[in-house]
Every structure is written in C-alpha cells, then in structure tokens.
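Take a look at the structure below.
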Amino acid sequence: MLRCLTAGESHGKGLVAILEGFPAGLKINIDFINKELKRRQCGFGRGKRMQIESDKAQISSGLKNNRTLGSPITLSIRNKDASIEKLHKVLAARPGHADLAGILKYGFSDIREVLERASARSTAATVGIGALCKILLNEFKINVTSRVLSIGGESTKEGIIAKISEAIEEKDTIGGIFEVIIKNTPIGLGSYVQGDRRLDARLAAAIMAIPGVKSFEVGLGLGYAVSFGSEVHDAIYHNKTGYYRLTNNAGGIEGGISNGNAIILRACMKPISTLMKPLDSVNINTKKSAKAATERSDICVVEAAGVVAESAAAFVLAQAFLDKFGSDCLTDIKESYSSYLKRIAHA
Ligand code: EPS
C-alpha cells in the first residue's frame, strides 16, 4: 500500500517527505515537482514568507538516473528561513490555530513549539508528494486540477480582488471555497466493503488534513439536503461506448467507488488565524488578558489551498489505483490496467 510520512518545522532546517510503495520504472521530472511547489506559493494575498522561500525539491533516495526503483523515495525542501532557535517566545494563543490546545496537550510553556509544526509550511511537503503521484497518474491520463470558486462570498474576479484588498486594508484575513477536479479516473477505485476503503472517505480525510480546511463535500454535497432523490441521482444509460450518465451530481463517486465520471470535490479554507488586528486572548504565563500573537502570515490562501488539495487528492488516487492494479512495476501495472479496461468495456 502506498504510504507517506512528512516531517519538518516551519523555521527548522527544512521539510522531509518519504513516499513508500511507489512502483519501479517511472521517470521522474524534478522540474515538474518544482513547478508544483512554486504554484503553492502563489496567489493574491499570500504572505511575505513566499518571497523568502524558493522551494526546490531534493530527492535523496528511490531513484537511479531519475527513474524510480520501487524503494522509498525521500524528498526534502530546505528552509531559507531556518531561524527556529533564535525566534522569540509566543505567549498569547491565536484564536483559530493549534496554539492553546497544542501547549496544553504537549506540556509546552512556549506556543512557538506548537506553531512550528502546526504551520501551513508543512503543505510544501504535501505538494512534493502529490507531484510524484501526479507523474504516476499522468501515465494513465488521470489529471488533477483545482480552481477558486469564491473568496469571502465573492465569485467574480473583480469581487475576489476587491474582497482580498479589503482584508489587506483592514489588516484582516479572508477565506473561501476551492474545487478540485479529477478527470479520466477509471470506474472501480475504492470500495464499499469497508469504511476506510471508500474513496470519498479517504479523499475527505486527505483534504481535511490540510491546515485551515473546515468543510469538505463531493459532487452536489450539501445540495443533496434540499433535493428529492429523483432530482439528483444520476440516471444511467448505455450505448456502444458503454455506460454513461447525463449528470454528475455524485461527483464521480458512488458507494465509495469511482464511477468513471469526473471526481468533483469542494472545500472551505478558513481565513488565516494570524490577524494583524489581533483578537482577545490570554497570556499563558500570567493568565491575564492579552491580544493574540501576531506572526508574519498570509491574508488569503484559498488559491494555494486548492493547489495543496490537488496533491492531497493525487496521493489518494495513486494509492487507490495501485491498490487495484498492483504497485511493483510500471509495465505490469499498465498491463493490468489495460486488461481491466478491456474486461469492463464488454461487461
Ligand atoms: C506558510 C509559511 C508560514 C506562514 C503561513 C504559510 O511561514 P512564516 O510563519 O515564516 O510566515 O506564512 O502559515 C500559515 C498561514 C499558518 O496559518 O500556519 C507556507 O509556506 O504556506
């Protein structure tokens, strides 16, 4: 089974990711990975850290002549700002972040020791892993993209820019909704036989694991709550090319299994917790009222969250794909995939 672990603090030496269970024989283009890392740093409203870091991936295992060996792939991203030992103590928890729960859970007396790992900086490693998975999925013409649907309730370009500008003006932050679209997924990834094998359950966990994401839906999502079944379930037809639907309210997944339609996911990224006009908080030493800590941060990260969510989804799709078609060697996987497609074409 495809597994991954990430490690690293926002101002430590850097971020590390290990991807285990990836097939042998795949050519890896490091430039593509670095382009994905660059995409993560973009977006109107991103913070000053993005001008400091030019995230580049180093791969130190699992490849020979840029081709995978089937052994664990170690990817690292160095931090230019590696000032963790010199940074000041943080004593007033930021409402909305892991600060207060974190120091109580781990017994810290400095919130810095929470925020270093809780920071969204960790998503650079997620994107490194996701880029490797996108290269694999691309071999089977499966592609993953994202788009911003709305920011602060605005969905036109002008409205979005105005809303983020207003947040900048007001020293505030703003969130919004992004969508992830996965095309050319075959029927049959995931399964109904066990909750943790349902593809939508795995995608939900992966997207909700992105710092700041507060809601997740597939296809019509909450729209199902206000509809009759006859209005929303996607009727099934068949012609010489096989089964097809005229609608995709299910967002490409039924019963925990991909149904061959585009997988459509939507999620809400909350306004960043660090506010330059901080909210009321408490000094964890004196227990006296204090304004929350203000750290260098972002105004709006919805676009970046969409890029991170692409990677999180790509990992889940690669995992489900390798579960179904094998994970040792790219040539065998291609053969297994093509015989499966032949079988279901005539089913
Ligand atoms: C981020 C890096 C962090 C934050 C931000 C996102 O770097 P620094 O703390 O040095 O500025 O800017 O983290 C958050 C918004 C958050 O809420 O944790 C990044 O690389 O995406």
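Atoms within a ligand are numbered from 1 in the order they appear, just like the ligands themselves. Along the sequence shown, the residues carry numbers beginning at 1. What you see is a predicted model, and the numbers here were worked out from it, not measured in a lab.
- A side-chain N or O of K80 and one of S54 form a donor-acceptor pair less than 3.5 Å apart.
- Residue R46 has at least one N or O atom closer than 3.5 Å to an N or O atom of ligand 1.
- At a heavy-atom cutoff of 4.0 Å, ligand 1 is contacted by both the backbone and the side chain of R296.
- Annotation: atom 5 (C) of ligand 1 to nearest protein heavy atom, D298 OD1, 3.2 Å.
- Ion pairing between a basic and an acidic side chain is recognised when a charged N comes within 4.0 Å of a carboxylate O; E154 and K163 show no such pairing.
- Looking only at protein heavy atoms, the nearest one to atom 20 (O) of ligand 1 is R40 NH2, 2.9 Å.
- Taking the centre of each ring, Y337 and F321 come in below the 6.0 Å mark.
- A cation-pi arrangement is present between K324 and Y340, with the terminal nitrogen or guanidinium carbon under 6.0 Å from the aromatic centre and inside a 45° cone about the axis.
- Using a 4.0 Å cut-off between charged side-chain N and carboxylate O, E9 and R117 make no salt bridge.
- In this structure, the protein non-hydrogen atom closest to atom 3 (C) of ligand 1 is S119 OG, 3.6 Å.
- Taking atom 14 (C) of ligand 1 as the reference point, the nearest protein heavy-atom neighbour is A120 CB, 3.9 Å.
- Of the protein's non-hydrogen atoms, the one nearest atom 7 (O) of ligand 1 is R49 NH1, 3.1 Å.
- The pair E295-R94 does not count as a salt bridge, with every side-chain nitrogen at least 4.0 angstrom from each carboxylate oxygen.
- Here M50 has side-chain heavy atoms under 4.0 Å from ligand 1, and that is the only part of it that gets that close.
- Using a 4.0 Å cut-off between a side-chain N of Lys or Arg and a carboxylate O of Asp or Glu, D323 and R202 qualify as a salt bridge.
- Ligand 1 has S297 within reach: a non-hydrogen atom of the residue lies less than 4.0 Å from it.
- Contacts of S10 with ligand 1, taken as heavy-atom pairs under 4.0 Å, involve the side chain alone.
- Around atom 9 (O) of ligand 1, the closest heavy atom drawn from E295, H11, R121 belongs to H11.
- The pair R40-D55 meets the salt-bridge criterion, with a side-chain N (NZ, NE, NH1 or NH2) lying under 4.0 Å from an Asp/Glu carboxylate O.
- Within the 4.0 Å heavy-atom criterion, neither part of E53 lies near ligand 1.
- The residue R117 has no part lying near ligand 1, judged by heavy-atom distances below 4.0 Å.
- Some N or O of H97 is nearer than 3.5 Å to an N or O of ligand 1, by distance alone.
- The pair E310-R39 meets the salt-bridge criterion, with a side-chain N (NZ, NE, NH1 or NH2) lying under 4.0 Å from an Asp/Glu carboxylate O.
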